[in-house]
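Protein chains get the first letters and strands the later ones, always in sequence-line order, with residue 1 at the start of each.
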There are 2 protein chains.
Amino acid sequence: MSRIVTERKDVIATLAETFREHGYDGTSLSLITEKTGLGKGSLYHFFPGGKEEMAEAVLADISAWFRAHIFDALREGEDPVEAIEAMFASVDSYFRQGRRLCLMGVIAASGAHDRFARELNGYFTDWRTELAATLERAGAPAAECSALAEEIVGGIQGALILARSLEDPAAFGRVLSRLKARCSMAPAS
Amino acid sequence: MSRIVTERKDVIATLAETFREHGYDGTSLSLITEKTGLGKGSLYHFFPGGKEEMAEAVLADISAWFRAHIFDALREGEDPVEAIEAMFASVDSYFRQGRRLCLMGVIAASGAHDRFARELNGYFTDWRTELAATLERAGAPAAECSALAEEIVGGIQGALILARSLEDPAAFGRVLSRLKARCSMAPAS
DNA sequence: GCATTTGTGTACCAATCGGTAAAGTGTTTA
DNA sequence: TAAACACTTTACCGATTGGTACACAAATGC
């Protein structure tokens, strides 16, 4: 019997998908065992803190992904208009054209939100901040770009909820393209 | 010892608040017992179907409220512009200036979403439909008002998630007023 | 080659889960 | 006034929950 050796990071993607689909409270250890193929022994070897540490690891992983692929790209993109366009493309792909929920939103809307308040706050604060700065670089009126960023970051979350509720993933793309259109209006005077 | 007699409808508001705050899976019968002050016997007397029937009753109650106070007001308001303005005011008040989540959104973002798919779909479909029709009556370009309604209904959900995550209820009001502003642009040609 | 580290499987735990059964109390109705 | 009804209380059920203990196997380091 060949032993299949796992590493901590191999589990995180599966963990993330499970939490996304079933929520924090809806994800039991037995469900995790089933989805990952790992027994409790292995699970608690990687995550001594149990379920809470698993969720924390997943959230940290997601934060890192967004920092690397979205926030940094916004800040460091030479052409801010192009960078914003790239952000929308990345978001559409990351959320699988509206078929995948945002785990940050899922946690925020669950009873476990206070346990992960720091991660949630950081994620949304960073996104709003970086997007606002890039909008300003792109020529949006300075007084407005923080509010516009807020509207967009929130709009993305709402569009995901809406798409799932309407059972119409395409609704996500429609809202996304409207939000994108808002970015190119009211260019710098 | 005076016996306190309860009616089914008396429990529903407390039930709603509990589900809102703790999510569907996070709301246990013992938590419900604690919040409502009712024992399991009484609970199962009112809701023989248990937790699922309780949630269904709450969702039905919410649907009825929105139908009566939002959707009907949109459809029957003589002045469509005023009706839309009233909708935003009602929404701001219903969601307690961003301090209260939408239970429909909470369920949609939970693992229980498929169990209540019909209710979720109906709620969002009706809202989008009625708002789109009112926008058209208000003079919005016919080709656009369905998409605009979608953007607004989704935007409200997202703003609630955002406000909770940022621990800044005021973010809800800010997004709300931006969404409202979108309604008065592009008047009929 | 031997010890240590890294990962796995199994058995177990108290606590809680959602749900049931039935006796009891008060209120309405006939 | 007696039966029917509406609500409550208490005790109980098997299943599942998150978590622990520990023996065990494979890879790794010296």
Side-chain angles (χ1 to χ4, degrees), chain A residues 1-59 61 103 106-107 110-116, chain B residues 1-59 61 103 106-107 110-116:
Chain A
M1 172 139 12
S2 70
R3 202 175 67 132
I4 294 140
V5 172
T6 320
E7 287 184 30
R8 200 182 128 113
K9 67 178 173 61
D10 297 339
V11 208
I12 290 187
T14 308
L15 239 26
E17 230 50 49
T18 309
F19 280 125
R20 243 187 261 278
E21 200 52 40
H22 300 270
Y24 183 76
D25 289 308
T27 300
S28 64
L29 286 191
S30 68
L31 181 62
I32 294 175
T33 283
E34 179 195 321
K35 296 285 182 186
T36 61
L38 259 50
K40 287 189 183 184
S42 304
L43 253 13
Y44 274 84
H45 173 70
F46 293 124
F47 310 97
K51 208 173 119 170
E52 186 160 343
E53 188 175 342
M54 296 179 208
E56 250 159 29
V58 169
L59 293 182
D61 188 66
L103 185 55
V106 166
I107 299 280
S110 84
H113 70 97
D114 44 339
R115 234 186 293 197
F116 304 101
Chain B
M1 177 144 358
S2 70
R3 203 175 63 133
I4 295 138
V5 172
T6 319
E7 287 184 31
R8 201 182 128 113
K9 67 178 173 61
D10 297 338
V11 208
I12 290 187
T14 308
L15 239 27
E17 230 50 48
T18 309
F19 280 126
R20 242 187 261 277
E21 201 52 39
H22 300 270
Y24 182 76
D25 288 308
T27 300
S28 64
L29 287 191
S30 67
L31 182 62
I32 295 176
T33 283
E34 178 194 322
K35 296 283 182 185
T36 61
L38 260 51
K40 286 189 183 186
S42 303
L43 254 11
Y44 274 85
H45 173 70
F46 293 123
F47 309 98
K51 206 172 121 172
E52 186 160 344
E53 189 176 339
M54 296 179 208
E56 251 159 29
V58 169
L59 292 182
D61 188 65
L103 185 56
V106 166
I107 300 278
S110 84
H113 75 275
D114 45 338
R115 235 186 291 198
F116 304 101

- Note on the structure: Looking only at dG18(C), dT8(C), dG19(D), the nucleotide nearest the Ser28(B) side chain is dG18(C)
- Looking at every strand, decide which applies to Thr33(A) at a 4.0 Å heavy-atom threshold: base, sugar-phosphate, or nothing. nothing
- Query: In terms of the nearest nucleotide of DNA chain C, which residue is placed more toward the 5' end: Arg8(A) or Asp25(B)?
  - Reply: Arg8(A)
- Which of the following nucleotides, dT8(C), dG18(C), dT8(D), is nearest to the side chain of Leu29(B)? dG18(C)
- Once you round it to whole Å, what is the distance between C1' of dG18(C) and CZ of Arg115(B)? 11 Å
- From OH of Tyr24(A) across to C1' of dT17(D) the rounded distance in Å is 12 Å
- State, with a plain yes or no, whether a side-chain heavy atom of Arg20(B) is found less than 4.5 Å away from one of Val58(B). no
- Task: Please report, rounded to the nearest Å, how far the P atom of dC17(C) is from the CE atom of Met54(B).
- Result: 13 Å
- Atom-to-atom span, CD of Glu52(B) to P of dG19(C) - whole angstrom: 8 Å
- By nearest nucleotide on DNA chain D, pick out whichever of Pro48(A) and Leu31(A) is the more 5' one. Leu31(A)
- Item | Any donor-acceptor pair under 3.5 Å from Lys51(B) side chain to Tyr24(B) backbone | yes
- For the residue pair Tyr44(A) and Leu29(A), establish whether any side-chain heavy-atom pair is separated by less than 4.5 Å. yes
- Message: Ignoring hydrogens, what is the shortest heavy-atom contact between Val106(B) and Gly23(B)? Give both atom names and the distance.
- Response: CG1-CA, 3.9 Å
- Going by heavy atoms closer than 4.0 Å, what residues in residues 12-23 of chain A are next to DNA chain D? none
- Task: Answer with base, sugar-phosphate or nothing: what part of the nucleic acid does Gly41(A) contact at a heavy-atom distance below 4.0 Å?
- Result: base
- In this structure, CD1 of Ile107(B) is separated from NE2 of His113(B) (nearest 0.5 Å) by 11.0 Å
- Query: Nearest-Å distance, NZ (Lys9(B)) to C1' (dC7(D))?
  - Reply: 16 Å
- Item | Nearest-Å distance for atom pair CG/C1', residues Leu43(A) and dG9(C) | 13 Å
- Message: Can you tell me whether the side chain of Lys51(B) and the base of dG19(C) have a donor-acceptor pair closer than 3.5 Å?
- Response: no
- Quick check: does any side chain N or O of His22(B) sit under 3.5 Å from a backbone N or O of Phe19(B), one acting as donor and the other as acceptor? no
- Pick base, sugar-phosphate or nothing for Tyr44(A), based on heavy-atom distances below 4.0 Å to the nucleic acid. base
- Query: Which nucleotide in the list dG19(D), dT6(C), dA6(D) gets nearest to the side chain of His45(A)?
  - Reply: dT6(C)
- Item | Phe46(B) to Glu53(B) - nearest heavy-atom pair and separation | O-OE2, 4.1 Å
- Message: Looking at the base of dG19(C), is there any donor atom on it, or on the side chain of Lys40(B), that sits under 3.5 Å from an acceptor on the other one?
- Response: yes
- Message: Side-chain N or O of Ser30(A) versus OP1/OP2 of dT16(D): is the shortest distance under 4.0 Å?
- Response: no
